[in-house]
Amino acid sequence: MRVLVTGGCGFIGSHFVRRLLERGDDVRVLDKLTYSGRRENLEDVDCELVVGDIADAEAVSRAASGCEAIVNFAAETHVDRSILGATDFGRTEFFGTQVLLEEVRRTGARYVQVSTDEVYGDLAGRGSAKETDPVEPSSPYSVAKAAGDLHVPAYVRTFGVDASITRGSNTYGPRQYPEKLVPLFVTNALDGEPLPVYGDGRQIRDWLHVEDHCTGIEFVLREGVAGEVYNVGGGNERENVEITRRIVELTGADPALVRHVTDRPGHDRRYSLDSSKLRALGWEPRRAFDDGLAETVAWYRDNRSWWEPIKSGEYLEYYRRQYAERLA
Ligand code: TYD
């Protein structure tokens with residue numbers, strides 16, 4: 001199959017591109033190369049890169065030409081950045097998704113919208129989210145994702161396009177931009193910098209290795225039904241303090257680097273996914289969390305040349321805005 005992967009230079013997107021290439025698919029990437037979309041994430045693989053924005057219909061048409069499927073990873077993804085300012089989130093997530101669906105409407109390509117468990121909102125004291133649950137997003141980021149997702153069933157119903165949604169849980173692994181919990185804490189620990197735990201750190205996320213997330217999306221690409229949503233959860237709920245403790249152990253860092261700081265406003269206490277629908281198709285996560293986290297720490301230890309250049313310029317400006325006061 002010839003597949004257009006939008007956001008293919010990002011964290012999960014670049015792993016997905018590699019997976020499709022290994023499976024023999026022909027892959028083209030459309031990526032805006034924002035701060036977290038990194039050309040070097042794909043420098044060793046054989047696929048064509050079109051530099052452009054999913055909200056630009058002309059760039060989308062050019063990139064999608066001849067493709068039988070589009071898988072959309074392109075998004076502004078970081079909750080803390082969305083709290084500092086969310087304009088780009090609405091443009092990319094809402095408007096960009098609509099532009100992609102217009103293209104799909106015109107060409108008949110299959111479409112997969114890669115979304116997140118965060119659209120279900122805070123599940124503290126409740127069970128696990130099912131695909132039929134309502135969306136109740138609580139951050140500007142998750143609102144933008146939920147809004148983008150809403151186009152999908154509407155385009156299926158109105159125009160008969162062949163489109164599905166995946167909703168993945170917190171993903172970790174190599175090449176994740178060091179603003180998210182795991183890569184931020186791992187790289188800070190390796191550098192002897194503080195690990196800023198928000199609030200009491202008892203918030204729960206359901207952790208999923210990036211390769212397991214990608215096999216889930218691939219299942220949906222090949223076997224998913226139009227108009228359907230598929231949860232892709234790790235089934236592996238952990239408190240942030242536990243993740244932090246493991247990272248301190250694995251890096252050999254000084255436990256005194258762990259600092260409890262002012263909480264994220266509106267911070268969701270718990271995410272949890274019921275993935276039985278996708279499991280019924282034959283998918284299951286294979287990577288045990290302890291092994292996956294240890295391998296991820298080893299990757300960051302061995303690949304300083306990937307993340308050290310990132311921790312300069314724009315990153316330092318963001319880091320100062322997000323953490324300077326918290327760590328003062
Ligand atoms: P994050 O990686 O930003 O993912 P998300 O908010 O999309 O789940 O955060 C994961 C959890 O870690 C979340 O509960 C917030 C917490 N966290 C911290 O405690 N400190 C930090 O510096 C960051 C980035 C996250």
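Numbering of ligands and ligand atoms starts at 1, following listing order.
- Salt-bridge formation is not detected for the pair Asp46/Arg18: no Lys NZ or Arg NE/NH1/NH2 atom is positioned less than 4.0 Å from an Asp or Glu carboxylate oxygen.
- Nearest to atom 3 (O) of ligand 1 among the protein's heavy atoms is Arg264 NH2, 2.9 Å.
- Numbered from 1 in the order shown, with element, the atoms of ligand 1 that lie under 4.0 Å from a heavy atom of Leu184 read 22 (O).
- Comparing Glu239, Gln322, Arg205 against atom 8 (O) of ligand 1, the shortest heavy-atom distance belongs to Arg205.
- Among protein heavy atoms, the minimum distance from atom 2 (O) of ligand 1 is reached at Leu181 N, 2.8 Å.
- Remark: Arg269 engages Asp200 in a salt bridge, criterion side-chain N to carboxylate O under 4.0 Å.
- Contacts of Asn240 with ligand 1, taken as heavy-atom pairs under 4.0 Å, involve the side chain alone.
- Scanning the protein heavy atoms around atom 5 (P) of ligand 1, the nearest turns out to be Glu118 OE2, 3.3 Å.
- The proximity of Glu179 to ligand 1, defined as any non-hydrogen pair under 4.0 Å, is limited to the backbone.
- Atoms of ligand 1 found under 4.0 Å from any heavy atom of His78, numbered from 1 in the order shown, are 3 (O).
- Using a 4.0 Å cutoff on heavy atoms, Phe185 counts as a contact of ligand 1.
- Judged by the 6.0 Å and 45° rule, Arg81 forms no cation-pi pair with Tyr141.
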query = Does the ring pair (Phe, Tyr, Trp, His ring centres under 6.0 Å) test come out yes or no for Phe89 and Phe94, once each step is laid out?
reply = CA-CA 8 Å; Phe89 289 71; Phe94 185 72; over 10 Å; no

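- Note on Glu314 versus Arg320: no salt bridge recorded, every NZ/NE/NH1/NH2 to OD/OE distance being 4.0 Å or above.
- Heavy-atom distances between His267 and ligand 1 reach below 4.0 Å in at least one pair.
- Geometrically, Arg167 engages Tyr120 in a cation-pi contact, judged by NZ or CZ lying under 6.0 Å from the ring centre and within 45° of the ring axis.
- Closest protein heavy atom to atom 20 (N) of ligand 1: Pro196 O, 2.7 Å.
- Side-chain contact between Asp191 and Trp307: present, with at least one pair of heavy atoms (C-beta onward) separated by less than 4.5 Å.
- The cationic group of Arg106 does not satisfy the cation-pi geometry with Phe159, failing either the under 6.0 Å distance to the six-membered ring centre or the 45° limit from the ring axis.
- Listed by atom number, the atoms of ligand 1 under 4.0 Å from Asn170 heavy atoms are 4 (O), 5 (P), 8 (O), 10 (C).
- One hydrophobic cluster holds both Val5 and Leu42 under the rule that ILVMFWY side chains link at heavy-atom gaps under 4.5 Å.
- Set against the non-hydrogen atoms of Val197, the atoms of ligand 1 under 4.0 Å away are 19 (O).
- For atom 19 (O) of ligand 1, the closest non-hydrogen atom of the protein is Tyr198 N, 2.8 Å.
- Set against the non-hydrogen atoms of Tyr323, the atoms of ligand 1 under 4.0 Å away are 21 (C), 22 (O), 23 (C), 24 (C).
- Each salt bridge (charged side-chain N to carboxylate O under 4.0 Å, His left out) pair with one or both residues in residues 204-213, not counting sequence neighbours, appears once here: Glu211-Arg287.
- Here is the list of ligand 1 atoms found below 4.0 Å of a heavy atom in Lys180: 2 (O).
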